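Worksheet: one structure, shown below.
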Amino acid sequence: MEALIVLLPGDGIGPEVIAGARRVLERVAGRFGHRFDFREEMIGGGAIDAVGEPLPESAIVSCKAADAVLLGAVGGPKWSDPNAKIRPEQGLLELRSTLGVYANIRPVTIYPELAGASPLKPEILAGVDLLVVRELTGGIYFGEKSRDDRSASDLCTYTVEEIERIVRVAARTASKRRGKLCSVDKANVLETSRLWRDVTDRLVASEFPGIELETLLVDAAAMHLLSRPAEFDVIVTENMFGDILTDEASMLAGSLGMLPSASIGDGKAGLYEPIHGSAPDIAGAGLANPCAAIASAAMLLRHSLGLDAEAAAVEKAIADAVGDGARTADIAAEGETPLSTAAMTDEIIRRLS
Ligand code: NAD
(Lines give C-alpha, C1' and ligand atoms only; values in the text may rest on other atoms or scores of the structure.)
Protein backbone atom coordinates (compact mmCIF):
# COMPACT_ATOMS: atom_id res chain seq x y z
CA MET A 1 0.00 0.00 0.00
CA GLU A 2 0.98 3.67 -0.33
CA ALA A 3 0.58 6.10 2.56
CA LEU A 4 1.58 9.64 3.48
CA ILE A 5 2.85 9.85 7.04
CA VAL A 6 3.50 13.30 8.51
CA LEU A 7 6.19 13.41 11.19
CA LEU A 8 6.07 16.12 13.85
CA PRO A 9 9.24 15.52 15.89
CA GLY A 10 8.72 18.59 18.12
CA ASP A 11 10.99 19.45 21.03
CA GLY A 12 13.49 17.83 23.40
CA ILE A 13 13.79 14.08 22.85
CA GLY A 14 10.97 14.22 20.27
CA PRO A 15 13.34 14.31 17.25
CA GLU A 16 15.46 11.47 18.70
CA VAL A 17 12.59 9.04 19.26
CA ILE A 18 10.80 9.96 16.02
CA ALA A 19 14.00 9.28 14.07
CA GLY A 20 13.92 5.75 15.55
CA ALA A 21 10.24 5.25 14.76
CA ARG A 22 10.81 6.42 11.17
CA ARG A 23 13.61 3.89 10.69
CA VAL A 24 11.28 1.14 11.95
CA LEU A 25 8.51 2.24 9.57
CA GLU A 26 11.01 2.29 6.68
CA ARG A 27 12.03 -1.27 7.54
CA VAL A 28 8.36 -2.33 7.67
CA ALA A 29 7.77 -0.76 4.25
CA GLY A 30 10.78 -2.61 2.79
CA ARG A 31 9.96 -5.93 4.36
CA PHE A 32 6.23 -5.98 3.65
CA GLY A 33 6.31 -4.25 0.25
CA HIS A 34 4.66 -0.91 1.10
CA ARG A 35 5.51 2.63 0.12
CA PHE A 36 5.43 5.19 2.93
CA ASP A 37 6.12 8.83 2.03
CA PHE A 38 7.28 10.89 4.98
CA ARG A 39 6.80 14.65 5.33
CA GLU A 40 8.35 16.43 8.30
CA GLU A 41 6.72 19.53 9.83
CA MET A 42 7.28 21.75 12.86
CA ILE A 43 5.27 21.88 16.08
CA GLY A 44 5.82 23.22 19.60
CA GLY A 45 8.58 25.40 21.01
CA GLY A 46 10.86 25.00 17.99
CA ALA A 47 8.05 26.23 15.76
CA ILE A 48 7.44 29.24 18.04
CA ASP A 49 11.13 30.14 17.75
CA ALA A 50 11.19 29.65 13.99
CA VAL A 51 7.89 31.17 12.85
CA GLY A 52 6.21 32.63 15.95
CA GLU A 53 3.43 30.06 16.30
CA PRO A 54 3.29 26.54 17.75
CA LEU A 55 1.45 24.98 14.80
CA PRO A 56 2.33 26.64 11.49
CA GLU A 57 -0.23 26.65 8.69
CA SER A 58 1.95 24.34 6.56
CA ALA A 59 1.85 21.72 9.34
CA ILE A 60 -1.95 21.95 9.51
CA VAL A 61 -2.24 21.54 5.73
CA SER A 62 0.12 18.54 5.70
CA CYS A 63 -1.57 16.84 8.67
CA LYS A 64 -5.02 17.20 7.10
CA ALA A 65 -3.72 15.61 3.88
CA ALA A 66 -1.93 12.76 5.66
CA ASP A 67 -3.06 9.19 6.23
CA ALA A 68 -1.59 9.45 9.71
CA VAL A 69 0.49 11.78 11.87
CA LEU A 70 3.30 10.66 14.19
CA LEU A 71 4.32 13.17 16.84
CA GLY A 72 7.25 13.24 19.28
CA ALA A 73 6.64 15.71 22.11
CA VAL A 74 6.37 19.45 22.64
CA GLY A 75 7.56 21.86 25.31
CA GLY A 76 10.53 22.54 27.50
CA PRO A 77 11.87 25.03 30.05
CA LYS A 78 12.50 27.69 27.40
CA TRP A 79 8.78 27.99 26.70
CA SER A 80 7.33 27.06 30.10
CA ASP A 81 6.07 30.44 31.37
CA PRO A 82 2.33 29.69 32.05
CA ASN A 83 1.49 33.37 31.52
CA ALA A 84 3.03 33.46 28.03
CA LYS A 85 0.46 34.20 25.32
CA ILE A 86 1.90 31.61 22.92
CA ARG A 87 2.81 28.21 24.34
CA PRO A 88 3.93 24.92 22.73
CA GLU A 89 0.99 22.83 24.02
CA GLN A 90 -1.46 25.15 22.24
CA GLY A 91 -0.13 23.58 19.04
CA LEU A 92 -1.04 20.14 20.32
CA LEU A 93 -4.55 21.12 21.40
CA GLU A 94 -5.16 22.85 18.07
CA LEU A 95 -3.90 19.82 16.16
CA ARG A 96 -6.18 17.44 18.07
CA SER A 97 -9.26 19.54 17.50
CA THR A 98 -8.36 20.32 13.84
CA LEU A 99 -8.02 16.61 13.10
CA GLY A 100 -11.22 15.82 15.04
CA VAL A 101 -9.44 13.13 17.04
CA TYR A 102 -11.73 12.88 20.04
CA ALA A 103 -10.67 9.48 21.38
CA ASN A 104 -7.27 9.02 22.98
CA ILE A 105 -6.38 5.35 23.34
CA ARG A 106 -3.62 4.31 25.71
CA PRO A 107 -2.85 0.64 26.14
CA VAL A 108 -0.85 -0.28 29.24
CA THR A 109 1.17 -3.42 28.56
CA ILE A 110 3.45 -4.89 31.17
CA TYR A 111 6.59 -6.51 29.79
CA PRO A 112 7.21 -9.28 32.37
CA GLU A 113 10.98 -8.67 32.24
CA LEU A 114 10.42 -5.03 33.30
CA ALA A 115 8.14 -5.72 36.29
CA GLY A 116 11.06 -4.73 38.51
CA ALA A 117 11.09 -1.23 36.96
CA SER A 118 7.63 -0.44 38.40
CA PRO A 119 7.25 0.83 41.95
CA LEU A 120 4.41 -1.69 42.41
CA LYS A 121 4.87 -5.24 43.70
CA PRO A 122 5.22 -7.88 40.92
CA GLU A 123 2.24 -9.88 42.28
CA ILE A 124 -0.05 -6.84 41.80
CA LEU A 125 1.23 -6.37 38.25
CA ALA A 126 0.83 -10.00 37.16
CA GLY A 127 -1.65 -10.18 34.27
CA VAL A 128 -2.10 -6.42 33.80
CA ASP A 129 -3.39 -5.72 30.28
CA LEU A 130 -5.58 -2.64 30.25
CA LEU A 131 -6.46 0.17 27.89
CA VAL A 132 -7.71 3.64 28.73
CA VAL A 133 -9.99 5.50 26.32
CA ARG A 134 -9.90 9.20 27.19
CA GLU A 135 -12.24 11.82 25.71
CA LEU A 136 -9.88 14.34 24.16
CA THR A 137 -11.66 17.32 22.66
CA GLY A 138 -14.31 18.30 25.23
CA GLY A 139 -14.76 18.97 28.92
CA ILE A 140 -13.00 21.46 31.14
CA TYR A 141 -9.86 21.85 28.99
CA PHE A 142 -11.93 23.35 26.18
CA GLY A 143 -14.60 25.20 28.21
CA GLU A 144 -14.87 28.97 28.57
CA LYS A 145 -12.26 30.42 30.90
CA SER A 146 -12.39 33.60 32.94
CA ARG A 147 -10.15 35.37 35.39
CA ASP A 148 -10.26 38.61 37.36
CA ASP A 149 -8.27 39.87 40.33
CA ARG A 150 -10.18 37.79 42.87
CA SER A 151 -11.38 34.67 41.06
CA ALA A 152 -11.03 32.38 38.08
CA SER A 153 -13.22 29.75 36.46
CA ASP A 154 -13.06 26.97 33.87
CA LEU A 155 -16.32 25.72 32.43
CA CYS A 156 -16.86 21.95 32.00
CA THR A 157 -19.43 21.02 29.37
CA TYR A 158 -20.32 17.71 27.73
CA THR A 159 -23.06 17.00 25.21
CA VAL A 160 -24.91 13.70 24.80
CA GLU A 161 -23.31 13.27 21.35
CA GLU A 162 -19.77 13.77 22.70
CA ILE A 163 -20.36 11.13 25.38
CA GLU A 164 -22.04 8.67 23.04
CA ARG A 165 -19.25 8.69 20.45
CA ILE A 166 -16.45 8.11 22.98
CA VAL A 167 -18.36 5.39 24.83
CA ARG A 168 -18.99 3.67 21.49
CA VAL A 169 -15.25 3.67 20.71
CA ALA A 170 -14.55 2.21 24.17
CA ALA A 171 -17.32 -0.41 24.03
CA ARG A 172 -16.29 -1.51 20.52
CA THR A 173 -12.70 -1.84 21.76
CA ALA A 174 -13.83 -3.82 24.81
CA SER A 175 -15.88 -6.17 22.65
CA LYS A 176 -12.67 -7.10 20.76
CA ARG A 177 -10.84 -7.70 24.06
CA ARG A 178 -12.15 -9.27 27.29
CA GLY A 179 -15.60 -7.63 27.09
CA LYS A 180 -15.25 -5.54 30.25
CA LEU A 181 -15.81 -1.78 30.33
CA CYS A 182 -15.27 0.48 33.34
CA SER A 183 -16.69 4.01 33.08
CA VAL A 184 -15.09 6.56 35.42
CA ASP A 185 -16.91 9.72 36.53
CA LYS A 186 -17.66 11.89 39.56
CA ALA A 187 -21.44 11.53 39.42
CA ASN A 188 -21.87 12.18 43.16
CA VAL A 189 -20.76 15.81 42.63
CA LEU A 190 -20.68 16.87 38.98
CA GLU A 191 -23.68 17.39 36.69
CA THR A 192 -21.56 16.57 33.62
CA SER A 193 -20.72 13.24 35.28
CA ARG A 194 -24.39 12.48 35.97
CA LEU A 195 -25.11 12.99 32.27
CA TRP A 196 -22.03 10.87 31.43
CA ARG A 197 -23.32 8.02 33.61
CA ASP A 198 -26.91 8.16 32.27
CA VAL A 199 -25.74 8.15 28.64
CA THR A 200 -23.19 5.37 29.24
CA ASP A 201 -25.68 3.11 31.05
CA ARG A 202 -28.30 3.58 28.33
CA LEU A 203 -25.94 3.19 25.38
CA VAL A 204 -24.13 0.11 26.65
CA ALA A 205 -27.42 -1.61 27.60
CA SER A 206 -29.00 -0.92 24.20
CA GLU A 207 -26.04 -1.24 21.77
CA PHE A 208 -23.57 -3.51 23.58
CA PRO A 209 -25.64 -5.91 25.73
CA GLY A 210 -22.74 -8.40 25.85
CA ILE A 211 -20.42 -5.91 27.56
CA GLU A 212 -19.96 -6.11 31.32
CA LEU A 213 -20.19 -2.49 32.53
CA GLU A 214 -18.71 -1.27 35.81
CA THR A 215 -18.94 2.34 37.02
CA LEU A 216 -16.41 3.91 39.38
CA LEU A 217 -16.01 7.35 40.89
CA VAL A 218 -12.68 8.84 39.81
CA ASP A 219 -11.23 8.92 43.33
CA ALA A 220 -12.01 5.22 43.82
CA ALA A 221 -10.70 4.44 40.32
CA ALA A 222 -7.36 6.07 41.19
CA MET A 223 -7.10 3.68 44.15
CA HIS A 224 -8.30 0.55 42.32
CA LEU A 225 -5.78 1.15 39.51
CA LEU A 226 -3.02 0.55 42.02
CA SER A 227 -4.69 -2.12 44.17
CA ARG A 228 -6.25 -4.38 41.48
CA PRO A 229 -4.96 -3.23 38.03
CA ALA A 230 -5.18 -6.71 36.49
CA GLU A 231 -8.99 -6.68 36.83
CA PHE A 232 -9.39 -3.78 34.37
CA ASP A 233 -9.89 -4.34 30.65
CA VAL A 234 -11.08 -1.07 29.03
CA ILE A 235 -11.54 2.15 31.04
CA VAL A 236 -13.46 5.07 29.50
CA THR A 237 -13.49 8.53 30.99
CA GLU A 238 -13.69 12.27 30.32
CA ASN A 239 -10.79 14.51 29.35
CA MET A 240 -9.33 15.68 32.67
CA PHE A 241 -9.91 12.43 34.61
CA GLY A 242 -8.31 10.57 31.71
CA ASP A 243 -5.32 12.88 31.67
CA ILE A 244 -4.61 12.10 35.32
CA LEU A 245 -5.49 8.39 35.35
CA THR A 246 -3.41 7.61 32.27
CA ASP A 247 -0.28 9.08 33.87
CA GLU A 248 -1.01 7.04 36.98
CA ALA A 249 -1.55 3.91 34.87
CA SER A 250 1.75 4.52 33.07
CA MET A 251 3.62 3.82 36.29
CA LEU A 252 2.34 0.24 36.19
CA ALA A 253 4.66 -0.27 33.23
CA GLY A 254 7.66 1.18 35.00
CA SER A 255 8.69 3.86 32.52
CA LEU A 256 7.00 6.54 30.50
CA GLY A 257 9.40 5.52 27.75
CA MET A 258 7.49 2.30 27.03
CA LEU A 259 3.92 3.49 26.46
CA PRO A 260 2.29 4.57 23.16
CA SER A 261 -0.95 6.34 22.40
CA ALA A 262 -3.32 6.84 19.50
CA SER A 263 -5.81 9.65 19.05
CA ILE A 264 -8.54 8.82 16.58
CA GLY A 265 -11.81 10.22 15.31
CA ASP A 266 -14.51 8.90 13.00
CA GLY A 267 -12.29 8.49 9.94
CA LYS A 268 -9.10 6.49 9.38
CA ALA A 269 -6.69 9.35 10.00
CA GLY A 270 -5.14 9.55 13.43
CA LEU A 271 -2.50 11.18 15.56
CA TYR A 272 0.01 8.86 17.22
CA GLU A 273 2.42 9.85 19.97
CA PRO A 274 4.35 8.42 22.89
CA ILE A 275 2.73 9.37 26.19
CA HIS A 276 5.93 10.93 27.53
CA GLY A 277 6.91 14.57 27.21
CA SER A 278 10.04 16.18 25.76
CA ALA A 279 12.24 15.04 28.68
CA PRO A 280 14.49 18.12 28.66
CA ASP A 281 16.69 16.53 31.34
CA ILE A 282 18.01 13.96 28.84
CA ALA A 283 17.38 15.71 25.49
CA GLY A 284 20.22 15.58 22.99
CA ALA A 285 22.15 12.95 24.95
CA GLY A 286 21.00 9.89 23.00
CA LEU A 287 19.55 8.39 26.20
CA ALA A 288 15.84 8.44 25.35
CA ASN A 289 13.93 5.18 25.16
CA PRO A 290 12.43 4.94 21.63
CA CYS A 291 10.02 2.08 22.50
CA ALA A 292 7.01 4.32 23.20
CA ALA A 293 7.43 6.13 19.87
CA ILE A 294 7.99 2.85 18.01
CA ALA A 295 4.95 1.26 19.68
CA SER A 296 2.98 4.38 18.63
CA ALA A 297 4.10 3.71 15.05
CA ALA A 298 2.71 0.17 15.45
CA MET A 299 -0.64 1.64 16.52
CA LEU A 300 -0.49 3.88 13.42
CA LEU A 301 0.02 0.85 11.18
CA ARG A 302 -2.97 -0.91 12.75
CA HIS A 303 -5.52 1.91 13.16
CA SER A 304 -4.84 4.26 10.25
CA LEU A 305 -3.35 1.92 7.63
CA GLY A 306 -5.19 -1.31 8.56
CA LEU A 307 -1.87 -3.21 8.60
CA ASP A 308 -2.52 -5.61 11.48
CA ALA A 309 0.26 -8.11 10.72
CA GLU A 310 2.84 -5.34 10.34
CA ALA A 311 1.72 -3.74 13.63
CA ALA A 312 1.94 -7.08 15.42
CA ALA A 313 5.43 -7.66 13.97
CA VAL A 314 6.65 -4.32 15.36
CA GLU A 315 5.11 -5.02 18.77
CA LYS A 316 6.70 -8.46 18.83
CA ALA A 317 10.08 -6.99 17.86
CA ILE A 318 9.89 -4.58 20.82
CA ALA A 319 8.86 -7.40 23.20
CA ASP A 320 11.61 -9.68 21.85
CA ALA A 321 14.29 -6.98 22.18
CA VAL A 322 13.23 -6.27 25.77
CA GLY A 323 12.91 -10.00 26.45
CA ASP A 324 16.47 -10.52 25.21
CA GLY A 325 17.76 -7.88 27.62
CA ALA A 326 18.00 -4.75 25.43
CA ARG A 327 17.60 -1.77 27.77
CA THR A 328 17.85 1.99 27.60
CA ALA A 329 18.89 3.73 30.83
CA ASP A 330 15.32 4.32 32.08
CA ILE A 331 14.56 0.57 32.19
CA ALA A 332 18.03 -0.82 32.91
CA ALA A 333 18.55 -2.47 36.28
CA GLU A 334 21.65 -1.75 38.35
CA GLY A 335 24.71 -3.29 36.76
CA GLU A 336 23.14 -3.50 33.27
CA THR A 337 24.84 -1.47 30.52
CA PRO A 338 22.23 0.77 28.91
CA LEU A 339 21.90 1.20 25.15
CA SER A 340 21.61 4.52 23.35
CA THR A 341 18.38 5.51 21.57
CA ALA A 342 19.89 4.49 18.21
CA ALA A 343 21.28 1.18 19.51
CA MET A 344 17.92 0.25 21.10
CA THR A 345 16.23 1.06 17.77
CA ASP A 346 18.78 -1.18 15.99
CA GLU A 347 17.91 -4.06 18.37
CA ILE A 348 14.23 -3.70 17.49
CA ILE A 349 14.86 -3.41 13.75
CA ARG A 350 17.13 -6.47 13.83
CA ARG A 351 14.24 -8.51 15.23
CA LEU A 352 11.91 -7.28 12.48
CA SER A 353 13.85 -8.86 9.69
P1 NAD B 1 8.47 14.03 30.62
O2 NAD B 1 7.62 12.90 30.22
O3 NAD B 1 9.11 14.79 29.55
O4 NAD B 1 9.65 13.47 31.59
C5 NAD B 1 9.41 12.89 32.86
C6 NAD B 1 10.62 12.00 33.24
O7 NAD B 1 10.60 10.81 32.44
C8 NAD B 1 11.97 12.67 32.98
O9 NAD B 1 12.88 12.29 33.98
C10 NAD B 1 12.39 12.09 31.64
O11 NAD B 1 13.80 12.03 31.46
C12 NAD B 1 11.77 10.70 31.68
N13 NAD B 1 11.40 10.24 30.33
C14 NAD B 1 10.34 10.65 29.60
N15 NAD B 1 10.34 10.05 28.42
C16 NAD B 1 11.41 9.24 28.40
C17 NAD B 1 11.96 8.36 27.41
N18 NAD B 1 11.38 8.18 26.21
N19 NAD B 1 13.10 7.70 27.72
C20 NAD B 1 13.68 7.86 28.92
N21 NAD B 1 13.22 8.66 29.88
C22 NAD B 1 12.09 9.36 29.62
O23 NAD B 1 7.59 14.96 31.57
P24 NAD B 1 7.95 16.39 32.21
O25 NAD B 1 9.38 16.40 32.65
O26 NAD B 1 6.89 16.62 33.19
O27 NAD B 1 7.76 17.42 31.03
C28 NAD B 1 8.82 17.92 30.23
C29 NAD B 1 8.23 18.79 29.13
O30 NAD B 1 7.43 17.98 28.27
C31 NAD B 1 7.33 19.90 29.66
O32 NAD B 1 7.57 21.06 28.90
C33 NAD B 1 5.93 19.37 29.42
O34 NAD B 1 5.00 20.40 29.22
C35 NAD B 1 6.13 18.58 28.14
N36 NAD B 1 5.16 17.50 27.93
C37 NAD B 1 4.74 17.31 26.67
C38 NAD B 1 3.86 16.28 26.37
C39 NAD B 1 3.45 16.07 24.94
O40 NAD B 1 4.07 16.62 24.06
N41 NAD B 1 2.42 15.29 24.67
C42 NAD B 1 3.40 15.43 27.38
C43 NAD B 1 3.89 15.64 28.68
C44 NAD B 1 4.77 16.67 28.94
Side-chain angles (χ1 to χ4, degrees), residues 71 92 96 101-111 118 120 124-125 127-141 158 162-187 193 196-197 200 203-204 208 211-265 270-277 291-292 295-296 298-300 302-303 315:
L71 180 132
L92 206 47
R96 288 169 180 165
V101 289
Y102 58 80
N104 180 238
I105 299 176
R106 292 190 182 189
V108 178
T109 310
I110 310 287
Y111 297 86
S118 169
L120 271 82
I124 289 185
L125 294 173
V128 169
D129 176 14
L130 63 87
L131 185 150
V132 183
V133 178
R134 165 189 168 196
E135 201 290 325
L136 201 59
T137 53
I140 199 164
Y141 291 2
Y158 269 109
E162 282 173 321
I163 301 167
E164 282 178 345
R165 65 184 187 178
I166 190 79
V167 172
R168 270 194 198 103
V169 169
R172 254 185 250 127
T173 307
S175 60
K176 290 185 206 138
R177 292 170 48 101
R178 305 200 301 279
K180 285 165 61 173
L181 180 63
C182 175
S183 175
V184 174
D185 61 39
K186 187 72 182 166
S193 280
W196 184 282
R197 192 174 287 205
T200 303
L203 187 140
V204 173
F208 300 90
I211 293 283
E212 182 190 324
L213 177 66
E214 176 189 21
T215 304
L216 281 180
L217 295 174
V218 63
D219 37 353
M223 191 181 72
H224 289 294
L225 257 181
L226 300 184
S227 62
R228 55 173 185 97
E231 289 175 32
F232 291 102
D233 181 12
V234 175
I235 296 172
V236 63
T237 192
E238 58 117 281
N239 203 343
M240 183 167 69
F241 299 159
D243 193 3
I244 298 164
L245 291 181
T246 46
D247 262 28
E248 185 190 349
S250 74
M251 287 319 292
L252 301 169
S255 172
L256 289 173
M258 296 303 298
L259 296 178
S261 82
S263 300
I264 58 170
L271 171 64
Y272 301 84
E273 53 183 313
I275 72 158
H276 60 72
C291 288
S296 301
M299 293 186 86
L300 179 158
R302 180 175 293 116
H303 288 283
E315 286 160 354

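This is a predicted model, so every value here is computed, not measured.
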Next item on the list: Write down the atom of Gly265, the atom of Tyr102, and the distance for their closest heavy-atom approach.
Entry: CA-CE2, 3.7 Å

Check: Which distance, rounded to the nearest 0.5 Å, do you find between the CG of Leu216 and the NE2 of His224?
Finding: 5.5 Å

Check: So Ile166 and Trp196, side chain to side chain contact (heavy atoms under 4.5 Å, CB included) or not? Walk me through it.
Finding: CA-CA 10 Å; Ile166 190 79; Trp196 184 282; 3.7 Å; yes

Check: Can you tell if the side chain of Leu213 reaches within under 4.5 Å of the side chain of Thr200, non-hydrogen atoms only?
Finding: yes

Next item on the list: Please work out which of the three classes, parallel, tilted or perpendicular, describes the rings of His303 and Tyr272, given edges at 30° and 60°.
Entry: parallel

Item checked: Close side-chain approach of Val234 to Lys180, heavy-atom, < 4.5 Å -> no

Notebook entry, point to check: Would you say Glu248 has more than 12 foreign heavy atoms packed within less than 6.0 Å of its CD?
Noted result: yes

Item checked: Considering all heavy atoms, the nearest Ala174-Ile211 contact -> CB-CD1, 3.8 Å

Notebook entry, point to check: Side chains of Arg302 and Glu315: closer than 4.5 Å at any heavy-atom pair?
Noted result: yes

Notebook entry, point to check: Looking only at heavy atoms, what is the nearest atom pair of Pro229 and Leu252, with distance?
Noted result: CB-CD1, 3.9 Å

Next item on the list: Could you tell me whether the side chain of Ser118 and the main chain of Met251 form a donor-acceptor pair under 3.5 Å?
Entry: yes

Notebook entry, point to check: Is the closest side-chain heavy-atom distance between Val132 and Phe241 below 4.5 Å?
Noted result: no

Checklist line | Note, Val218 side chain near Thr237 side chain (heavy atom, < 4.5 Å) | finding: no

Next item on the list: Of all the heavy-atom pairs spanning Ser296 and Ser261, show the shortest one and how long it is.
Entry: OG-N, 3.6 Å

Notebook entry, point to check: Does the side chain of Leu203 come within less than 4.5 Å of Phe208's, by heavy atoms?
Noted result: yes

Check: Counting N and O atoms only, with roles assigned by atom type, does the side chain of Asp233 sit under 3.5 Å from a partner on the main chain of Arg178, one being a donor and the other an acceptor?
Finding: yes

Next item on the list: Could you pull out the closest heavy-atom pair between Arg134 and Tyr141, with the gap in Å?
Entry: NH2-CE2, 3.7 Å

Next item on the list: Determine the minimum heavy-atom distance between Gly270 and Val101, stating which atoms define it.
Entry: CA-CG1, 4.3 Å

Next item on the list: Return yes if some donor-acceptor pair links the side-chain N/O of Ser263 with the main-chain N/O of Asn104 below 3.5 Å, else return no.
Entry: no

Note to self: Between Met299 and Ile105, is the side chain to side chain contact (heavy atoms under 4.5 Å, CB included) condition met? List the steps.
What the structure shows: CA-CA 10 Å; Met299 293 186 86; Ile105 299 176; 4.1 Å; yes

Notebook entry, point to check: So, do Glu238 and Ile163 sit near enough that their side-chain heavy atoms are less than 4.5 Å apart?
Noted result: no

Item checked: Value rounded to 0.5 Å, distance of CG in Asp247 from CG in Leu256 -> 6.5 Å

Margin query: Can you confirm whether Leu259 sits close enough to Arg106 that some side-chain heavy atom of one is under 4.5 Å from a side-chain heavy atom of the other?
Written below: no

Next item on the list: Keeping the roles fixed (side chain from Asn239, backbone from Leu136), state whether a donor-acceptor pair exists under 3.5 Å.
Entry: yes

Next item on the list: Test Leu225 against Leu130 for side chain to side chain contact (heavy atoms under 4.5 Å, CB included), laying out the working first.
Entry: CA-CA 10 Å; Leu225 257 181; Leu130 63 87; 4.0 Å; yes

Check: Would Val133 and Ile235 count as a side chain to side chain contact (heavy atoms under 4.5 Å, CB included) if you check the C-alpha gap in whole Å, the side-chain angles of each, and the deciding distance to 0.1 Å?
Finding: CA-CA 6 Å; Val133 178; Ile235 296 172; over 6 Å; no

Check: Do any N or O atoms from the side chain of Glu135 and from the backbone of Thr137 form a donor-acceptor pair under 3.5 angstrom?
Finding: yes

